[in-house]
Enquirer: 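This is the structure I have questions about; it appears just below.
Each chain gets a letter, A, B and so on, in the order its sequence line appears, and its residues count up from 1. Note that the structure is a prediction, hence the values are computed from the model and not measured.
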Number of protein chains: 2
Amino acid sequence: MNLKQLSLKLGLSQTTVSRALNNYPEVNEHTRERVKLAALKHNYRPNTRATRLATGRAMTIGHILPMNSTETFNPIFGEFIAGAVQAYSKRGYELSLTLANEDSEESIYRELAANGTVDGVIVHSPRVNDMRIPLLQELNIPFVVHGRDFNNLSDYSWLDMNNRRAFYQATKLLIDLGHQSICLVNGRETLNFAWRRRLGYLDALGDEKIASDTALMHTGDLTESNGYSAATKALANGNPPTAFLVASYVVALGVRRAIHHAGLEMGRDISVIIHDDELSYFQNDGDIPQFTATRLSVRDGGELAATMLLDIIDEPSNAPLTALMEAPLVIGASTGPVKSGTA
Amino acid sequence: MNLKQLSLKLGLSQTTVSRALNNYPEVNEHTRERVKLAALKHNYRPNTRATRLATGRAMTIGHILPMNSTETFNPIFGEFIAGAVQAYSKRGYELSLTLANEDSEESIYRELAANGTVDGVIVHSPRVNDMRIPLLQELNIPFVVHGRDFNNLSDYSWLDMNNRRAFYQATKLLIDLGHQSICLVNGRETLNFAWRRRLGYLDALGDEKIASDTALMHTGDLTESNGYSAATKALANGNPPTAFLVASYVVALGVRRAIHHAGLEMGRDISVIIHDDELSYFQNDGDIPQFTATRLSVRDGGELAATMLLDIIDEPSNAPLTALMEAPLVIGASTGPVKSGTA
DNA sequence: AAATAAATTTAAAGCGCTTTGGATCGCTCA
DNA sequence: TGAGCGATCCAAAGCGCTTTAAATTTATTT
């Protein structure tokens, strides 16, 4: 059943039927009801492809996940997307997913711009000096960055957490607990979020006049095995750290494994603070969370970023839109005073 | 630049230009080259929305993730999708992602069928007596199930692993190592895969005349905390199990946590076998994998299932297509003979 | 009751492609 | 020399909607 058939059946023009269904004001309320009833009865659904051509809108948002050789599908992407898709479906949009390695990236965006498959995109994992931001500006595609590029001073829309402050506060807590040798197990610092986190860490050390030590700063993909090898290496040192500050839950699992391997007990012999994105299958809550953590739901972040993007698409003058979220520090079982013997 | 403008610039008809670009035979090779060059030069990209309306194909595959109240975004979905999207992009398709709770599910599929936004769908996590399979058959939408519904005897396309055999073999190994009390930490048994895994487990126990014990069979969502609480409960028993058979890496992390909590050492005091989907951020390989595991890449599964679906869409007479994959049992550090003191 | 304004409906023109059904043109062959 | 035939190319219809511009009907005003 298409519009033509439906309007024929109703003895009305396609115009009126279309308007009735789309709630245009210039149609008699009585007629509108009649049309809506008939549409329901005959299970009429406007053909999406036709609507999209006629309106010139794709009703689709693109998520292009950057895939380098090492990393494939980060669980954080998954959770962010799950949040975003919720916002989209509420407003009749779809989510189109693409993977891109750095080589293909530019051409993918140019293609998107030219063929009009999406009305906007989310930029994931902005790198330092990320070319995607100027590119999207040039192509004039609405976009929201999940994170920021601090080297880009232009106006663009983003949603980010205050990475620097979160890691500042976490480091501060560890220092307050007496820790002087704190190992940072960070993400790749070509990514802005990781770079900012290190700044926060260094800020806190600086405030307390603790010298930083490059041997205590690890960087790598957000995998369990990276956490394991970084922590193993750190603990093998003659003068091992008494605390770890870890980029994510997944990485912390590897750190914890290394700690156990070394015969140590987390929270007693050694302290750990993580950043917790609140992945749904890794709940770090309850009476006493396993991990002391700076905590912020990346799922909520996805939903909000998506909403921002749709708001921009609906009303371009809304841009740029920005949102900075704070990640509160929540005390769990993984931290304690240095060298203490408390259970 | 659209087709009309390009053809005007070339002094050719839209027909010829379209045919030249789409490699139709009835166009002179010389003309074709001229057209392709001009298209390149003017950066012409056919408007996707128009192409889709004209051809009647959406060039999009739908993935509708079932979301119940407890579970949100399973990491296995993410990895499967990452595999699938690779197959799609190779063949010019897009992936459209939707979430659906069980209530909205039917209407979502009916909507998809009527408005033609997708050319086919992947069915994730088939339940026992899953209504989606007959529904999609009725709606005549091409689909491939990731898994099977053993209660559905009709012909449909699926890609599955041999869950029963994998868990049979894993259980068998544990029994051979002397374990008699093996705790199964399973997924929800309303899902076929979990149900089949229990059958495999029971088969092996039965073969060895070991009585099964419902107290040793846990079931729940694939989360870390479920693994933790199931294992904690099992270990608190007066006569605790000497081995665990665990549905996934994520769940096993919780099991491992509980084991450590109980002051035990995995692989020495207690054995663990997992099913390993080879999530990219949880590598369970190396010289000696952490976990003994039945192993199968869900990412590869996604790529294959997607390819199967596209093959069906291209040539409907190909259906039904099926693929059964075996998950080899790979020995890691988490298993050992029962009650032994070997390091 | 005529004139004017407001409410409602419609015909037809797109949106930018693909594809059907002819044209056109040079060549071959009887 | 002219019918017949590939090889090329093109005009126009169509995909199923939205939207513009105009027509028609109904209500309001004087």
Enquirer: Kindly list each side-chain donor-acceptor pair under 3.5 angstrom involving residues 136-143 of chain A, sequence neighbours excluded, with atom names and distances?
Expert:
| residue | atom | partner | partner atom | Å |
| --- | --- | --- | --- | --- |
| A/Gln137 | OE1 | A/Ser154 | OG | 3.0 |
| A/Glu138 | OE2 | A/Arg110 | NH1 | 3.3 |

Enquirer: Got a sec, which pairs hit salt bridge (charged side-chain N to carboxylate O under 4.0 Å, His left out) with one end in residues 30-43 of chain B, sequence neighbours left out?
Expert: B/Glu29-B/Arg32
Enquirer: Where along residues 15-27 of chain A does a heavy atom fall under 4.0 Å from DNA chain D?
Expert: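 A/Thr15, A/Ser18, A/Arg19, A/Asn22, A/Tyr24, in order of number.
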Enquirer: Going 5' to 3' along DNA chain C, between which two nucleotides do contacts with chain A fall, using a heavy-atom cut-off of 4.0 Å?
Expert: C/dT8 to C/dG16
Enquirer: Testing A/Phe77, A/Tyr88, A/Tyr93 one by one against A/His63 for a ring-ring contact (aromatic ring centres under 6.0 Å, His included), which residue passes?
Expert: A/Tyr88
Enquirer: Determine whether B/His42 and B/Gln5 make a side-chain contact, defined as any pair of heavy atoms from C-beta on separated by less than 4.5 Å.
Expert: no
Enquirer: With sugar-phosphate meaning primed atoms plus P, OP1 and OP2, does B/Gly116 contact a base, only sugar-phosphate, or nothing at under 4.0 Å between heavy atoms?
Expert: nothing
Enquirer: What pairs meet the salt bridge (charged side-chain N to carboxylate O under 4.0 Å, His left out) rule with one or both residues in residues 51-61 of chain B, with sequence neighbours excluded?
Expert: B/Arg52-B/Glu94
Enquirer: For the pair A/Arg299 and A/Glu278, find out whether any cationic side-chain nitrogen is under 4.0 Å from an anionic carboxylate oxygen.
Expert: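 No, A/Arg299 and A/Glu278 are not salt-bridged.
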Enquirer: Counting C-beta onward and ignoring hydrogens, is there a side-chain heavy-atom pair between B/Trp158 and B/Met308 closer than 4.5 Å?
Expert: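 The answer is no; the side chains never approach within 4.5 Å.
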Enquirer: Where do A/Asn152 and A/Asp130 land on the side chain to side chain contact (heavy atoms under 4.5 Å, CB included) test, with the steps shown first?
Expert: CA-CA 8 Å; A/Asn152 188 317; A/Asp130 202 308; over 6 Å; no
Enquirer: Could you check if a side-chain atom of A/Met325 sits within less than 4.5 angstrom of a side-chain atom of A/Leu304, using non-hydrogen atoms only?
Expert: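 Yes, at least one pair of side-chain atoms sits under 4.5 Å.
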Enquirer: Do any of residues 34-61 of chain B sit with a heavy atom less than 4.0 Å from DNA chain D, and if so which?
Expert: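 The answer is B/Leu53, B/Ala54.
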Enquirer: Would you check if there is a donor-acceptor pair between the side chains of A/Asn43 and A/Arg45 at a distance under 3.5 Å?
Expert: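 Note: A/Arg45 and A/Asn43 side chains meet the donor-acceptor criterion.
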Enquirer: Between B/Lys4 (NZ) and D/dA12 (P), how many Å, whole number?
Expert: 12 Å
